[in-house]
Each structure stands twice: as C-alpha cells, then as structure tokens.
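Within every chain, numbering begins at 1; the chains are lettered A, B, ... in the order of the sequence lines, protein sequences first and strands thereafter.
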Protein chains: 2
Amino acid sequence: MVTIKDVARAAGVSPATVSRVLNERPDVDPELAERVQAAIVELGYQPSRVARNLRRRETSVWGMIISDIRNPFFTDMVRGVEDVAYGAGYSLVLCDSDEDVAKEARYLDLIMAERMAGAIVSPASSVGSNLNPVIAQGIPVVLVDRRVDSPILDTVMVDDRRAARGAVEHLIANGYRRIACVTGPLDTTTGQERLAGYRDALERTGRPPEDELVRTADFKVGGGFAATRSLLELPEPPEAIFVANNLMTLGALSAIEAMGLVVPDEVALVGFDDMPWAPLIRPPLTAVAQPTYELGLETARLLLARIRGEKGPPRHVMLAASLEIRGSSAPRQRT
Amino acid sequence: MVTIKDVARAAGVSPATVSRVLNERPDVDPELAERVQAAIVELGYQPSRVARNLRRRETSVWGMIISDIRNPFFTDMVRGVEDVAYGAGYSLVLCDSDEDVAKEARYLDLIMAERMAGAIVSPASSVGSNLNPVIAQGIPVVLVDRRVDSPILDTVMVDDRRAARGAVEHLIANGYRRIACVTGPLDTTTGQERLAGYRDALERTGRPPEDELVRTADFKVGGGFAATRSLLELPEPPEAIFVANNLMTLGALSAIEAMGLVVPDEVALVGFDDMPWAPLIRPPLTAVAQPTYELGLETARLLLARIRGEKGPPRHVMLAASLEIRGSSAPRQRT
DNA sequence: CTGTTAGCGCATTCAG
DNA sequence: CTGAATGCGCTAACAG
C-alpha cells in the first residue's frame with residue numbers, strides 16, 4: 001500500500017505538499033508540483049478517501065434508497081439524480097430496500113455510519129420508516145415519490161391524487177361505470193393518494209365509492225395479478241380497472257390474458273406509470289405518465305442546495321403527471 | 001458528533017472496552033458490556049465506519065458497476081448479488097457506467113479510493129476498460145456478463161454464442177431464409193459473441209453470412225430502432241430479424257410498428273433477454289431467456305470466496321440460456 | 001511558498 | 001479481563 005508519505009519521500013517534499021498538490025491548491029511551486037505528479041504516477045499512488053474522509057469529516061458520496069430496483073420508475077429517477085450528482089462531483093450509492101422497512105433501516109445506518117454527504121429516500125412506509133436519526137446527525141435528506149408522516153423535510157412528489165382522479169374520470173367519460181381500483185400498500189403515500197384520487201373521481205360524478213371494487217396489493221407483479229383476478233371473478237365483475245403502478249399493471253394484464261378476456265370490450269384498463277412497451281401491446285395501454293427523470297433532477301437539486309448550506313423551511317416540489325390515452329380505455333361499446 | 005470516547009466516559013470505561021463491546025468480543029465483563037450498551041443507546045452513538053475502515057484497512061462494501069441501470073437485465077442480476085452480499089454482511093454500492101468508459105473509470109477510482117472489499121464489473125468495453133489498477137491494489141474483481149481482453153479474472157457468463165445460434169437456427173427451422181442481425185457494440189464480448197452465434201447458424205446451414213443484413217447498434221432503444229428501420233428499408237428487406245438485446249428489441253418493435261408491418265408475416269422477430277411484457281404483446285415475443293438472477297448469485301459467490309481468501313486459478317462459470325418460443329417467430333406462411 | 005505538528009475516530013497492541 | 005498508548009493515511013493549523 002503506497003501512501004502519501006511514500007510519494008513525499010520519492011518527490012523529496014513533505015506529505016503536506018503532496019496533499020496540497022492532490023487538492024489542487026494554487027500555492028504550490030510548479031516545479032515541486034511536477035515532481036509530485038511524477039512520483040504519483042511512478043508509484044501508482046491512489047489517495048485513500050477513507051483517510052481523507054476521516055480527516056475532513058465529510059464525504060463526497062450520496063446515498064439513495066429506493067424501494068424496488070426492478071421497477072423502471074425508480075431506475076429512471078436514479079438517472080436524473082445521477083446526472084446532477086455526477087456533475088457536482090458526487091458519487092451516488094444506490095440501495096434497494098425492497099419495500100422492506102428492516103432493510104431500509106440497515107441502509108439508513110450505512111448512510112450514517114459512512115457519514116455520507118446527503119441522502120435521497122423513497123420511504124418503504126410512511127409510518128414505519130424512521131429517518132430521524134439521519135436527520136439528527138445533520139445529514140441532509142430529501143424525500144422523493146413518497147412522504148413520511150412525521151419529519152419536516154424537502155420533498156419532490158408527483159400529484160398522485162390528481163393524476164389518479166384524471167385517469168378514473170377518463171374512464172367515466174368513456175362510458176365505464178363499474179370501475180375498480182388496484183392500489184398499493186396503504187402505508188405508502190402513493191398507495192393512499194392514488195386510491196383517494198380514484199374515490200374523488202367517483203364522488204364527483206355522484207357515484208358512491210364501492211369498496212367491493214377496491215383491492216390493496218403490494219406494488220409488485222404478483223400482487224397485481226392476484227388482485228385483478230379476484231376482481232374479475234366477482235359475480236358482477238368491473239367494467240374497467242385502474243391499477244396504481246406499473247408492475248401491478250403487468251400483473252393485471254397477465255391475469256386478464258390468463259382468463260381469456262378482451263381489452264377493452266370485456267374489461268378496460270388504465271395503468272399508472274407509462275412504460276416503453278405500453279404502446280406495443282394489443283390494445284396499447286392507457287397510462288398515467290410520470291416525469292420520472294425530472295423527479296430525479298429536482299430531487300438532486302434540492303439535496304445539492306442543502307449540502308451547500310442552504311437554510312430555510314422545507315421545500316415541496318410537486319410535478320404534474322399526464323395521461324397517455326391509448327386503446328385499452330377506448331370508449332365503451334355497449335352491447 | 002458523539003464518539004467512542006463520549007460513550008466510554010458515560011459508561012465509566014475506556015474506549016478500548018467500548019470498542020470490544022462494539023465488535024462483540026467475548027472477553028468483556030457482562031456488566032460492563034451492559035453499561036456500554038446503555039450509554040450507546042442513551043447518547044445515540046453511531047460508530048464511524050470511516051474511522052473503522054481506516055484503522056482496519058478494510059471495508060464491508062462491495063462495488064458493482066453495470067453498464068445501464070435502466071436495463072432490466074442488469075437490475076435483475078443486481079438482486080442476485082444483493083441477496084448474497086446482504087446475507088454475508090456486506091453492503092452493495094451500485095454504479096452505472098452508462099456504457100461509458102470514462103464514467104466507468106471514475107467509478108473504478110472510487111472503488112479503489114474507498115478501499116472497497118470487492119468489485120463486480122460488467123465492463124463497458126472489452127478493450128477500453130482497464131481493471132488493472134484495481135487488481136493491482138489487491139481488490140478482488142469478478143466479471144459478469146462481459147469479459148475484457150487482458151486480465152485473468154473470475155468470470156460469470158451466459159453462453160451467448162450458443163444461445164444466439166439457437167435463436168437463429170430456430171428461425172431457419174421455421175422457414176425464414178433472409179435473416180438479419182442487430183447486434184451490440186463490437187467492443188463488448190456480448191456484442192461479438194451474439195453476432196458470432198448468428199453467423200454460426202447461417203454457416204451451419206450452408207448459407208453464406210450476409211454482412212448486408214448485419215447492423216451494429218448501441219444496446220439501447222434508439223439504436224435498435226434505427227438499425228431495424230435501416231434493415232426494413234433495404235430494397236430486399238429481411239424476412240426475420242435477430243436482435244441481440246432487450247432494449248434494442250423494444251426499438252425494433254417500435255420501428256416495425258411505425259412502418260406498419262405485421263409480425264411475423266412480414267418480418268419475424270427474435271429478441272435476446274426475455275422480458276415480463278414479452279408474452280403480452282401481439283404477437284407474443286420469442287426471446288432468449290437469460291438466467292439473470294442466477295448470474296448475480298454465482299457472481300456474488302465467487303467474489304465472496306475471493307474476499308475470504310480463496311486462492312487458485314480464475315474460475316469461469318458459464319450458464320445456459322433458453323429460448324422462449326412464442327408467436328413472433330411462428331412458422332413462415334409462404335405467400 | 002513549504003515543512004512540522006497535531007489530530008480526525010477507531011482498533012489494536014501491550015502491560016497490568 | 002481492562003486501560004493506556006500508538007498509529008491507520010490524510011489534511012488543517014501553525015511556524016518559518
């Protein structure tokens with residue numbers, strides 16, 4: 001292991017001077033700097049960030065905890081964060097909580113233990129996720145996509161409730177009456193709000209919300225499949241289904257396929273999160289399109305500002321989603 | 001910032017004893033240990049891994065560099081790695097090189113600078129990716145999905161060549177003759193081998209490989225789209241296309257859709273990497289299914305063994321892929 | 001402009 | 001079994 005001392009000795013200077021060269025401080029004699037550079041190359045020296053971090057009491061790493069790395073929604077967002085972080089000289093450490101509060105807690109510990117510069121979290125649960133220790137340690141935290149109940153933090157969200165309402169209103173406008181909803185876990189704000197938006201739409205049109213037609217699943221393919229099948233096996237099945245995330249929509253499509261039903265004639269479908277393959281299936285899928293990459297950008301910018309010392313009350317950014325109307329929710333053909 | 005000294009003072013012991021408690025060393029008086037635990041809780045003490053890493057000269061973090069975080073193939077693999085790492089007490093840091101050798105180099109630097117315990121890399125280029133410095137630092141490295149030219153490292157691969165050959169032979173068996181290939185960058189081993197497999201299949205059947213029908217794209221949606229369109233605009237377009245990864249297949253499907261062509265009657269299609277939505281499109285997509293999660297598991301196990309000190313020559317694990325036959329490559333209807 | 005000195009927070013000697 | 005002393009590799013503060 002070649003250290004700063006070895007370089008100093010080889011260049012005939014003191015370790016402090018090597019350190020100055022490494023940190024590109026202007027107050028170094030060009031000739032010495034050159035000798036140091038040469039020694040660094042010659043010895044293949046790689047400064048230890050571990051030591052540097054200890055000494056400086058700061059790191060150049062951000063931690064980002066998402067709840068499902070297999071969900072394209074999150075990975076698109078990650079790209080937005082990454083681009084800002086990379087541009088500002090930070091590295092991004094990605095952690096996958098797998099919708100599991102225990103795993104999430106472990107990654108939060110890691111963020112604290114590594115004294116990371118900042119954290120971006122999409123909490124696994126609005127009640128079970130405890131960010132307080134991280135905040136108490138003075139590490140800036142920004143929430144994205146989902147909120148938690150207690151702390152006062154910067155957040156970047158999509159207007160889920162409005163988007164969900166719009167999706168269901170679209171179904172109503174297209175002549176569907178018995179509309180079901182497959183939402184996510186009710187301890188996530190996205191699960192809550194998308195369900196609330198569904199109910200908003202029904203109430204607006206004077207239709208009482210029918211809890212018989214609401215299913216709560218896990219934001220994953222399997223949950224969407226089971227929930228959809230249970231809906232379609234009702235004595236009086238729904239005419240249309242609003243599914244509150246992309247993976248569950250995949251499950252819903254499989255369930256419909258497995259039961260041999262025709263979309264939208266026998267059951268119409270609107271999903272949440274637009275996907276690259278949505279236009280390619282038959283019929284093409286109507287879906288709420290979220291500004292995923294922009295969510296990442298905004299989140300990263302807020303975090304960067306806090307890391308740079310910006311004070312003041314928490315900021316809440318709310319981005320709008322749009323509805324991509326395609327064939328799976330085509331106007332109802334009454335039979 | 002509460003340190004080990006604060007805890008020691010609060011518990012009325014020495015820092016060394018606190019350290020022993022933290023590391024669950026058996027040689028501590030139970031009563032003292034209890035007092036230390038109490039003090040830790042009381043003060044909300046969180047040991048600094050930065051300091052611990054410096055002192056121990058080792059970390060409990062793995063670095064994993066993948067070339068595209070938006071590609072489900074990689075994220076599935078990540079889950080496999082994660083499960084092994086998590087189980088063995090390691091944390092996984094995910095880095096996205098975005099198929100860019102420069103970004104990759106930066107993340108490799110990070111792995112070295114942070115003195116990570118091990119690295120898993122899916123190199124952006126078989127020639128441009130330079131892992132030697134990492135290896136020289138004594139950090140165990142395992143390659144997954146792609147190889148690099150020079151170093152002798154453990155690798156975990158899929159038998160790309162054989163899988164590609166099988167896919168193309170399937171098209172031939174189903175009556176297609178003019179078969180095109182959209183492959184990836186030729187400085188990736190996957191790009192090379194899948195093309196080689198395509199050529200193998202053609203040669204076996206006595207058909208000369210036709211370079212006119214080969215396109216090299218970027219393993220991304222846009223590249224697949226452009227390559228496919230250019231193939232279909234040929235004076236004598238192909239009867240079938242073999243596309244060498246999932247994202248490019250998405251692009252190919254869009255191109256075919258945009259040109260209003262019917263699959264498989266006007267052009268048949270076989271993709272590489274099976275996707276959850278592959279059975280849902282019309283017609284369902286025939287694709288080479290890779291054992292993604294298992295790739296991750298095997299890779300992580302090899303790395304774990306090396307970290308634990310296993311010596312010996314490099315090990316090369318090769319997993320087989322399977323062909324999921326669906327409608328997009330149905331037997332040709334001669335007109 | 002440069003070298004010397006002194007820690008960052010922790011784990012590991014070595015005495016006791 | 002426990003505490004005091006030492007240093008991991010680096011940078012900040014201070015002299016010169």
Original post:
With sequence neighbours excluded, what pairs up with B:Glu82 under the salt bridge (Lys or Arg N to Asp or Glu O under 4.0 Å) test?
Top reply: B:Arg79

Original post:
Which side-chain hydrogen bond (donor to acceptor under 3.5 Å, both in side chains) pairs, counting each pair once, include a residue from residues 41-50 of chain A, with sequence neighbours left out?
Top reply: A:Arg49-A:Ser60

**OP:** Can you sort out the partners of A:Ser129 under side-chain hydrogen bond (donor to acceptor under 3.5 Å, both in side chains), two or more places apart, ordered by chain and number?
**Re:** A:Glu104

**OP:** Applying side-chain hydrogen bond (donor to acceptor under 3.5 Å, both in side chains), name anything that partners A:Thr155, two or more places apart in sequence or on another chain.
**Re:** A:His316

Atom pairs and distances, donor-acceptor, side-chain atoms in residues 30-38 of chain A, under 3.5 Å, two or more places apart:
{"unit_1": "A:Arg35", "atom_1": "NE", "unit_2": "A:Ala11", "atom_2": "O", "d": "3.1"}
{"unit_1": "A:Arg35", "atom_1": "NH2", "unit_2": "A:Ala11", "atom_2": "O", "d": "2.9"}

Subject >> Per-nucleotide protein contact string for nucleotides 4-10 of chain C, where B marks a base within reach and S marks sugar-phosphate only (heavy atoms under 4.0 Å, - for neither) >> reply: B-BBBBB

Enumerate, atom names and distances included, each donor-acceptor pair closer than 3.5 Å involving a side-chain atom of residues 301-311 of chain A, sequence neighbours excluded.
{"unit_1": "A:Arg301", "atom_1": "NH1", "unit_2": "A:Glu298", "atom_2": "OE2", "d": "3.2"}
{"unit_1": "A:Arg306", "atom_1": "NE", "unit_2": "A:Asp154", "atom_2": "OD2", "d": "2.7"}
{"unit_1": "A:Arg306", "atom_1": "NH1", "unit_2": "A:Glu310", "atom_2": "O", "d": "3.1"}
{"unit_1": "A:Arg306", "atom_1": "NH1", "unit_2": "A:Lys311", "atom_2": "O", "d": "3.4"}
{"unit_1": "A:Arg306", "atom_1": "NH1", "unit_2": "A:Gly312", "atom_2": "O", "d": "3.3"}
{"unit_1": "A:Arg306", "atom_1": "NH2", "unit_2": "A:Asp154", "atom_2": "OD1", "d": "3.0"}
{"unit_1": "A:Arg306", "atom_1": "NH2", "unit_2": "A:Pro313", "atom_2": "O", "d": "3.0"}
{"unit_1": "A:Glu310", "atom_1": "OE2", "unit_2": "A:Arg315", "atom_2": "NH1", "d": "3.3"}

Subject >> Counterpart residues, side-chain hydrogen bond (donor to acceptor under 3.5 Å, both in side chains), relative to B:Asn132 (two or more places apart) >> reply: B:Asn130

**OP:** With a 4.0 Å heavy-atom cut-off, tell me which residues in residues 28-35 of chain A come close to DNA chain C, sorted by residue number.
**Re:** A:Val28, A:Asp29, A:Leu32

**OP:** Could you list where the contact with chain A starts and ends along DNA chain D, reading 5' to 3', using a 4.0 Å heavy-atom cut-off?
**Re:** D:dG9 to D:dA13

Please list, one pair per line, the donor and acceptor atoms closer than 3.5 Å that link side chains of residues 61-72 of chain A to other protein atoms, with sequence neighbours excluded.
{"unit_1": "A:Ser67", "atom_1": "OG", "unit_2": "A:Arg146", "atom_2": "NH1", "d": "3.4"}
{"unit_1": "A:Ser67", "atom_1": "OG", "unit_2": "A:Arg146", "atom_2": "NH2", "d": "3.4"}
{"unit_1": "A:Asp68", "atom_1": "OD1", "unit_2": "A:Arg70", "atom_2": "N", "d": "2.9"}
{"unit_1": "A:Asn71", "atom_1": "OD1", "unit_2": "A:Phe73", "atom_2": "N", "d": "2.9"}
{"unit_1": "A:Asn71", "atom_1": "OD1", "unit_2": "A:Asn246", "atom_2": "ND2", "d": "2.7"}
{"unit_1": "A:Asn71", "atom_1": "ND2", "unit_2": "A:Asn246", "atom_2": "OD1", "d": "3.2"}

**OP:** Sequence neighbours left out, what passes salt bridge (Lys or Arg N to Asp or Glu O under 4.0 Å) with A:Glu114? Give chain and number order.
**Re:** none

